[in-house]
J.: 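Input: one structure, supplied below.
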Amino acid sequence: MTNIETDASSACALARANIYGLLTKAFLHPTDQMLAYIQLPEHKANLMLYVSLAPQQGIEQPFEKLVASSRAASAGREKLDAEYHRLFAHLGSARCPPYETEYGIENVFQKTEAMADIAGFYRAFGLEVADKNRDRVDFIGTQLEFMKYLALNEAYGREQGERQQTDIAIDAQRKFLCDHLGRWAGSFSNTLLNNTENQFYRALGTTVHIMIDTDTELLGVDPRASMLSPHVQARFAEPFECHHCEATRRV
(Lines give C-alpha, C1' and ligand atoms only; values in the text may rest on other atoms or scores of the structure.)
Protein backbone atom coordinates (compact mmCIF):
# COMPACT_ATOMS: atom_id res chain seq x y z
CA MET A 1 0.00 0.00 0.00
CA THR A 2 1.41 3.39 -0.97
CA ASN A 3 1.68 6.36 1.37
CA ILE A 4 -1.06 8.10 -0.61
CA GLU A 5 -3.42 5.15 -0.10
CA THR A 6 -2.47 4.95 3.58
CA ASP A 7 -3.10 8.67 4.07
CA ALA A 8 -6.49 8.45 2.32
CA SER A 9 -7.56 5.45 4.43
CA SER A 10 -6.48 7.19 7.63
CA ALA A 11 -8.30 10.39 6.63
CA CYS A 12 -11.45 8.41 5.84
CA ALA A 13 -11.36 6.63 9.21
CA LEU A 14 -10.89 9.94 11.02
CA ALA A 15 -13.75 11.56 9.08
CA ARG A 16 -15.99 8.60 9.93
CA ALA A 17 -15.07 8.91 13.59
CA ASN A 18 -16.01 12.60 13.59
CA ILE A 19 -19.36 11.94 11.92
CA TYR A 20 -20.15 9.18 14.43
CA GLY A 21 -19.25 11.63 17.18
CA LEU A 22 -21.68 14.20 15.78
CA LEU A 23 -24.49 11.65 15.62
CA THR A 24 -23.73 10.58 19.18
CA LYS A 25 -24.15 14.16 20.40
CA ALA A 26 -27.41 14.55 18.48
CA PHE A 27 -29.02 11.79 20.55
CA LEU A 28 -28.27 13.55 23.83
CA HIS A 29 -30.96 15.50 25.60
CA PRO A 30 -31.33 18.73 23.55
CA THR A 31 -29.55 21.66 25.11
CA ASP A 32 -28.20 24.91 23.73
CA GLN A 33 -24.71 23.42 23.94
CA MET A 34 -25.70 20.30 21.97
CA LEU A 35 -27.36 22.35 19.23
CA ALA A 36 -24.37 24.67 19.00
CA TYR A 37 -22.08 21.67 18.62
CA ILE A 38 -24.15 20.34 15.70
CA GLN A 39 -23.65 23.68 13.95
CA LEU A 40 -19.83 23.74 14.09
CA PRO A 41 -18.46 24.27 10.54
CA GLU A 42 -15.83 21.55 10.96
CA HIS A 43 -18.54 18.88 10.64
CA LYS A 44 -19.27 19.85 7.04
CA ALA A 45 -15.57 19.53 6.21
CA ASN A 46 -15.49 16.03 7.73
CA LEU A 47 -18.60 15.05 5.82
CA MET A 48 -17.23 16.22 2.48
CA LEU A 49 -13.98 14.34 3.12
CA TYR A 50 -15.97 11.21 3.94
CA VAL A 51 -18.10 11.61 0.81
CA SER A 52 -14.98 11.92 -1.35
CA LEU A 53 -13.43 8.73 0.05
CA ALA A 54 -16.34 6.39 0.82
CA PRO A 55 -19.14 4.81 -1.26
CA GLN A 56 -21.69 7.17 0.26
CA GLN A 57 -25.33 7.11 -0.82
CA GLY A 58 -26.64 10.66 -0.59
CA ILE A 59 -25.76 11.54 2.97
CA GLU A 60 -25.12 15.23 2.22
CA GLN A 61 -28.75 16.40 2.01
CA PRO A 62 -30.03 14.92 5.30
CA PHE A 63 -26.80 16.03 7.00
CA GLU A 64 -27.35 19.62 5.81
CA LYS A 65 -30.99 19.42 6.95
CA LEU A 66 -29.80 18.25 10.37
CA VAL A 67 -27.54 21.28 10.72
CA ALA A 68 -30.17 23.70 9.38
CA SER A 69 -32.91 22.32 11.63
CA SER A 70 -30.60 22.57 14.65
CA ARG A 71 -30.36 26.31 13.99
CA ALA A 72 -34.15 26.59 13.80
CA ALA A 73 -34.55 24.51 16.95
CA SER A 74 -32.24 26.84 18.85
CA ALA A 75 -34.95 29.50 18.67
CA GLY A 76 -37.64 27.17 20.01
CA ARG A 77 -35.81 24.54 22.00
CA GLU A 78 -38.83 23.80 24.21
CA LYS A 79 -40.54 22.08 21.26
CA LEU A 80 -37.47 19.97 20.55
CA ASP A 81 -37.24 19.07 24.22
CA ALA A 82 -40.86 17.93 24.28
CA GLU A 83 -40.37 15.86 21.13
CA TYR A 84 -37.24 14.25 22.55
CA HIS A 85 -39.19 13.07 25.59
CA ARG A 86 -42.12 11.87 23.49
CA LEU A 87 -39.88 9.86 21.18
CA PHE A 88 -37.15 8.51 23.44
CA ALA A 89 -37.31 9.33 27.13
CA HIS A 90 -39.82 6.91 28.69
CA LEU A 91 -39.31 3.32 27.62
CA GLY A 92 -42.85 2.17 28.37
CA SER A 93 -44.49 4.84 26.20
CA ALA A 94 -41.64 5.98 23.93
CA ARG A 95 -42.69 6.21 20.30
CA CYS A 96 -39.19 5.25 19.16
CA PRO A 97 -37.23 3.29 21.78
CA PRO A 98 -33.51 4.09 21.29
CA TYR A 99 -32.37 0.68 22.58
CA GLU A 100 -31.32 -2.31 20.49
CA THR A 101 -32.98 -4.99 22.62
CA GLU A 102 -36.38 -3.35 22.17
CA TYR A 103 -36.30 -4.43 18.51
CA GLY A 104 -37.10 -8.00 17.58
CA ILE A 105 -36.19 -9.57 20.94
CA GLU A 106 -39.07 -10.62 23.15
CA ASN A 107 -37.51 -13.17 25.48
CA VAL A 108 -35.95 -11.64 28.59
CA PHE A 109 -33.13 -14.19 28.46
CA GLN A 110 -32.30 -13.22 24.88
CA LYS A 111 -32.25 -9.57 25.94
CA THR A 112 -29.87 -10.35 28.79
CA GLU A 113 -27.61 -12.31 26.45
CA ALA A 114 -27.59 -9.49 23.88
CA MET A 115 -26.80 -6.88 26.54
CA ALA A 116 -23.95 -9.02 27.84
CA ASP A 117 -22.54 -9.41 24.34
CA ILE A 118 -22.64 -5.64 23.73
CA ALA A 119 -20.91 -4.98 27.05
CA GLY A 120 -18.33 -7.60 26.06
CA PHE A 121 -17.43 -5.58 22.96
CA TYR A 122 -16.85 -2.51 25.15
CA ARG A 123 -14.80 -4.41 27.73
CA ALA A 124 -12.59 -5.92 25.02
CA PHE A 125 -11.32 -2.37 24.40
CA GLY A 126 -11.05 -1.46 28.07
CA LEU A 127 -14.34 0.47 28.10
CA GLU A 128 -17.35 0.41 30.35
CA VAL A 129 -20.47 2.52 30.63
CA ALA A 130 -19.84 5.34 33.07
CA ASP A 131 -21.56 5.07 36.45
CA LYS A 132 -22.97 8.59 36.04
CA ASN A 133 -24.60 7.61 32.77
CA ARG A 134 -28.13 6.23 33.17
CA ASP A 135 -28.45 4.86 29.64
CA ARG A 136 -28.06 1.17 28.87
CA VAL A 137 -25.25 -0.43 26.89
CA ASP A 138 -27.65 -0.94 23.96
CA PHE A 139 -28.52 2.78 23.72
CA ILE A 140 -28.13 4.08 20.15
CA GLY A 141 -25.87 6.92 21.30
CA THR A 142 -23.54 4.57 23.16
CA GLN A 143 -23.23 2.27 20.17
CA LEU A 144 -22.55 5.17 17.80
CA GLU A 145 -19.86 6.43 20.18
CA PHE A 146 -18.28 2.99 20.30
CA MET A 147 -18.05 3.08 16.49
CA LYS A 148 -16.40 6.49 16.80
CA TYR A 149 -13.86 5.02 19.20
CA LEU A 150 -13.09 2.10 16.89
CA ALA A 151 -12.72 4.39 13.88
CA LEU A 152 -10.31 6.57 15.87
CA ASN A 153 -8.31 3.46 16.70
CA GLU A 154 -8.23 2.56 13.02
CA ALA A 155 -7.11 6.07 12.02
CA TYR A 156 -4.36 6.10 14.66
CA GLY A 157 -3.16 2.64 13.67
CA ARG A 158 -2.96 3.63 10.02
CA GLU A 159 -1.13 6.88 10.79
CA GLN A 160 1.43 5.08 12.96
CA GLY A 161 1.84 2.11 10.64
CA GLU A 162 0.56 -0.22 13.39
CA ARG A 163 -0.87 -3.03 11.28
CA GLN A 164 -2.10 -5.12 14.22
CA GLN A 165 -3.98 -2.24 15.85
CA THR A 166 -5.50 -1.29 12.49
CA ASP A 167 -6.65 -4.85 11.78
CA ILE A 168 -8.13 -5.25 15.27
CA ALA A 169 -10.06 -1.98 14.96
CA ILE A 170 -11.42 -2.85 11.51
CA ASP A 171 -12.39 -6.37 12.57
CA ALA A 172 -14.20 -5.02 15.64
CA GLN A 173 -16.14 -2.52 13.52
CA ARG A 174 -17.22 -5.26 11.14
CA LYS A 175 -18.31 -7.58 13.94
CA PHE A 176 -20.15 -4.85 15.86
CA LEU A 177 -22.06 -3.77 12.76
CA CYS A 178 -22.89 -7.38 11.89
CA ASP A 179 -23.95 -8.46 15.36
CA HIS A 180 -25.49 -5.26 16.70
CA LEU A 181 -25.65 -1.73 15.28
CA GLY A 182 -26.05 -2.74 11.64
CA ARG A 183 -28.86 -5.14 12.48
CA TRP A 184 -31.23 -2.67 14.09
CA ALA A 185 -30.22 0.86 13.03
CA GLY A 186 -32.38 0.70 9.91
CA SER A 187 -35.47 -0.39 11.84
CA PHE A 188 -34.82 2.25 14.46
CA SER A 189 -34.46 4.97 11.81
CA ASN A 190 -37.66 3.86 10.05
CA THR A 191 -39.53 3.88 13.35
CA LEU A 192 -38.24 7.37 14.06
CA LEU A 193 -39.29 8.66 10.63
CA ASN A 194 -42.75 7.11 11.00
CA ASN A 195 -43.36 8.73 14.38
CA THR A 196 -42.22 12.32 14.07
CA GLU A 197 -42.69 15.36 11.88
CA ASN A 198 -39.92 17.21 13.69
CA GLN A 199 -37.35 18.19 11.06
CA PHE A 200 -34.35 17.77 13.34
CA TYR A 201 -35.18 14.20 14.30
CA ARG A 202 -36.30 13.28 10.79
CA ALA A 203 -32.95 14.48 9.43
CA LEU A 204 -31.15 12.65 12.24
CA GLY A 205 -32.95 9.38 11.48
CA THR A 206 -32.18 9.60 7.78
CA THR A 207 -28.53 10.49 8.37
CA VAL A 208 -28.03 7.56 10.76
CA HIS A 209 -29.67 5.15 8.29
CA ILE A 210 -27.48 6.24 5.40
CA MET A 211 -24.33 6.36 7.51
CA ILE A 212 -24.77 2.77 8.71
CA ASP A 213 -25.66 1.52 5.23
CA THR A 214 -22.60 3.26 3.81
CA ASP A 215 -20.31 1.90 6.50
CA THR A 216 -21.49 -1.69 6.04
CA GLU A 217 -20.69 -1.35 2.33
CA LEU A 218 -17.37 0.34 3.03
CA LEU A 219 -16.33 -2.36 5.49
CA GLY A 220 -17.68 -5.17 3.32
CA VAL A 221 -20.18 -6.64 5.76
CA ASP A 222 -23.79 -7.78 5.48
CA PRO A 223 -25.53 -7.55 8.86
CA ARG A 224 -28.08 -10.23 9.59
CA ALA A 225 -30.77 -7.58 9.62
CA SER A 226 -34.50 -8.11 9.39
CA MET A 227 -37.50 -5.81 9.56
CA LEU A 228 -37.71 -5.52 13.31
CA SER A 229 -40.46 -3.74 15.15
CA PRO A 230 -40.05 -2.04 18.52
CA HIS A 231 -41.94 -3.42 21.49
CA VAL A 232 -43.88 -0.37 22.64
CA GLN A 233 -46.32 -0.72 25.50
CA ALA A 234 -49.87 0.68 25.24
CA ARG A 235 -50.08 0.65 21.55
CA PHE A 236 -10.65 1.83 22.60
CA ALA A 237 -6.41 2.83 22.28
CA GLU A 238 -6.02 6.64 22.17
CA PRO A 239 -7.92 8.60 24.85
CA PHE A 240 -11.07 10.32 23.60
CA GLU A 241 -13.95 12.39 24.91
CA CYS A 242 -16.87 10.12 25.68
CA HIS A 243 -20.20 10.98 27.31
CA HIS A 244 -21.45 7.40 27.49
CA CYS A 245 -18.28 5.41 28.20
CA GLU A 246 -15.16 5.94 30.22
CA ALA A 247 -11.86 4.36 29.34
CA THR A 248 -10.28 2.01 31.83
CA ARG A 249 -6.82 0.58 31.48
CA ARG A 250 -6.23 -3.06 32.15
CA VAL A 251 -3.50 -4.04 34.53
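Note that this is a predicted model, so its numbers are computed, not measured. What's counted below: heavy atoms across the whole structure, side chains too, no hydrogens, waters or symmetry copies.
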J.: Please check: side-chain N/O of Glu83 versus main-chain N/O of Lys79, any donor-acceptor pairing under 3.5 Å?
T.: no

J.: Parallel, tilted or perpendicular for Tyr103 and Trp184, by the 30°/60° rule?
T.: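 Judged by the thresholds at 30° and 60°, the geometry between Tyr103 and Trp184 is tilted.
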
J.: Is any side-chain N of the basic residue among Asp179 and Arg183 closer than 4.0 Å to the acidic one's carboxylate O?
T.: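 Not counted as a salt bridge, because no side-chain N and carboxylate O are separated by less than 4.0 Å.
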
J.: Can you give me the closest heavy-atom contact between Asn46 and Ala15, atom names plus distance?
T.: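 Scanning both residues completely, I find the closest heavy atoms to be O-CB, 3.6 Å.
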
J.: Is there a side-chain contact (heavy atoms from CB on, under 4.5 Å) between Met48 and Phe63? Walk through the geometry before answering.
T.: CA-CA 11 Å; Met48 298 314 297; Phe63 185 91; over 6 Å; no

J.: Tell me, with the steps shown, if Asn194 and Arg95 meet side-chain contact (heavy atoms from CB on, under 4.5 Å).
T.: CA-CA 9 Å; Asn194 288 333; Arg95 302 302 298 173; over 6 Å; no

J.: Do side-chain atoms of Asp171 reach the backbone of Asp167 as a donor and acceptor pair under 3.5 angstrom?
T.: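 Answer holds: no.
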
J.: Ring-plane angle category for Phe176 and Phe121, please: parallel below 30°, perpendicular beyond 60°, tilted otherwise.
T.: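 Judged by the thresholds at 30° and 60°, the geometry between Phe176 and Phe121 is perpendicular.
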
J.: Is there a donor-acceptor pair closer than 3.5 Å between any side-chain N or O of Arg202 and the backbone N or O of Glu197?
T.: no

J.: Identify the two heavy atoms, one from Ala11 and one from Leu49, that lie closest to each other, and give their separation to 0.1 Å.
T.: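 In this case the closest contact between Ala11 and Leu49 is O-CD2, 3.7 Å.
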
J.: Verify the distance criterion only: is there a donor paired with an acceptor across the side chains of Asp215 and Tyr20 at less than 3.5 Å?
T.: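 Yes, Tyr20 and Asp215 have a side-chain donor paired with an acceptor closer than 3.5 Å.
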
J.: Please report the interatomic distance OG1(Thr216) to CE(Met211), rounded to the nearest 0.5 Å.
T.: 10.5 Å

J.: What closest approach, in Å, do Leu66 and Ser69 show between heavy atoms, and which atom pair accounts for it?
T.: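 Heavy-atom minimum between the residues: O-OG, 3.0 Å.
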
J.: Report the relative orientation of the aromatic rings in Phe27 and Phe88; use parallel for angles under 30°, tilted for 30 to 60°, perpendicular for over 60°.
T.: perpendicular

J.: Would you confirm whether Thr196, through its side chain, and Tyr201, through its main-chain N or O, come within 3.5 Å as a donor-acceptor pair?
T.: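 Not at all, since once roles are kept as given, no pair shorter than 3.5 Å links the two residues.
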
J.: With hydrophobic residues grouped by side-chain heavy-atom distances under 4.5 Å, do Leu193 and Ile212 end up in a single group?
T.: no

J.: To the closest 0.5 Å, what do you measure between CG (Leu22) and CE (Met34)?
T.: 10.0 Å

J.: Can you check side chain to side chain donor-acceptor pair (under 3.5 Å) on Gln39 and Ser74, steps first, answer last?
T.: CA-CA 10 Å; Gln39 298 164 36; Ser74 296; 3.3 Å; yes

J.: After noting the C-alpha distance and the side-chain angles of Thr101 and Arg136, does the key distance pass the side chain to side chain donor-acceptor pair (under 3.5 Å) rule?
T.: CA-CA 10 Å; Thr101 57; Arg136 297 165 8 184; 2.9 Å; yes

J.: Salt bridge check: are Glu100 and Lys111 linked by an N-O gap of less than 4.0 Å?
T.: no

J.: I'd like to know if the side chain of His85 and the backbone of Asp81 have a donor-acceptor N/O pair within less than 3.5 Å.
T.: yes

J.: Please check if the number of heavy atoms outside Gln164 that lie under 6.0 Å from its CD is greater than 12.
T.: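 For Gln164, atom CD is not crowded (no more than 12 foreign heavy atoms under 6.0 Å).
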
J.: Counting distance only, does the side-chain N/O of Arg77 pair as donor-acceptor with the main-chain N or O of Pro30 below 3.5 Å?
T.: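 Confirmed, Arg77 side chain pairs with Pro30 backbone.
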
J.: Looking at Gln110, I'd like to know if its CD atom is crowded, meaning that more than 12 non-hydrogen atoms belonging to other residues, nucleotides or ligands lie closer than 6.0 Å.
T.: yes

J.: Report the C-alpha separation of Tyr156 and Leu14 in whole Å, then their side-chain angles, then the decisive distance to 0.1 Å, and conclude whether the side-chain contact (heavy atoms from CB on, under 4.5 Å) test is met.
T.: CA-CA 8 Å; Tyr156 181 80; Leu14 186 58; over 6 Å; no

J.: With rounding to the nearest 0.5 Å, note down the distance linking NZ in Lys148 to CG in Leu23.
T.: 11.0 Å

J.: Check Leu219 against Ile170 and note the closest heavy-atom contact, atom names and distance.
T.: CD2-CG2, 4.3 Å

J.: Using a strict 4.0 Å threshold on nitrogen-to-oxygen distance, state whether Arg158 and Glu154 make a salt bridge.
T.: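 Answer for the salt bridge query: yes.
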
J.: So, taking the atom named CG in Leu150 and the one named CD1 in Ile168, what distance separates them when rounded to the nearest 0.5 Å?
T.: 11.0 Å

J.: Pair Tyr122, Thr142 - check side-chain contact (heavy atoms from CB on, under 4.5 Å), show working.
T.: CA-CA 10 Å; Tyr122 302 161; Thr142 309; 3.5 Å; yes

J.: Regarding Gln160 and Thr166, is there a side-chain donor-to-acceptor distance under 3.5 Å anywhere?
T.: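 No.
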
J.: Distance check, rounded to the nearest 0.5 Å: Arg16 atom CZ versus Leu53 atom CG?
T.: 11.0 Å

J.: Examine the side chains of Asp138 and His180 and answer whether a donor and an acceptor come within less than 3.5 Å of each other.
T.: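 No, no side-chain donor-acceptor pair sits under 3.5 Å.
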
J.: Distance from Ile140 atom CD1 to Ser189 atom OG, nearest 0.5 Å?
T.: 7.0 Å

J.: Does His43 reach the main-chain N or O of Tyr37 with its side chain, forming a donor-acceptor pair under 3.5 Å?
T.: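 Judged by distance alone, yes, a pair lies under 3.5 Å.
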
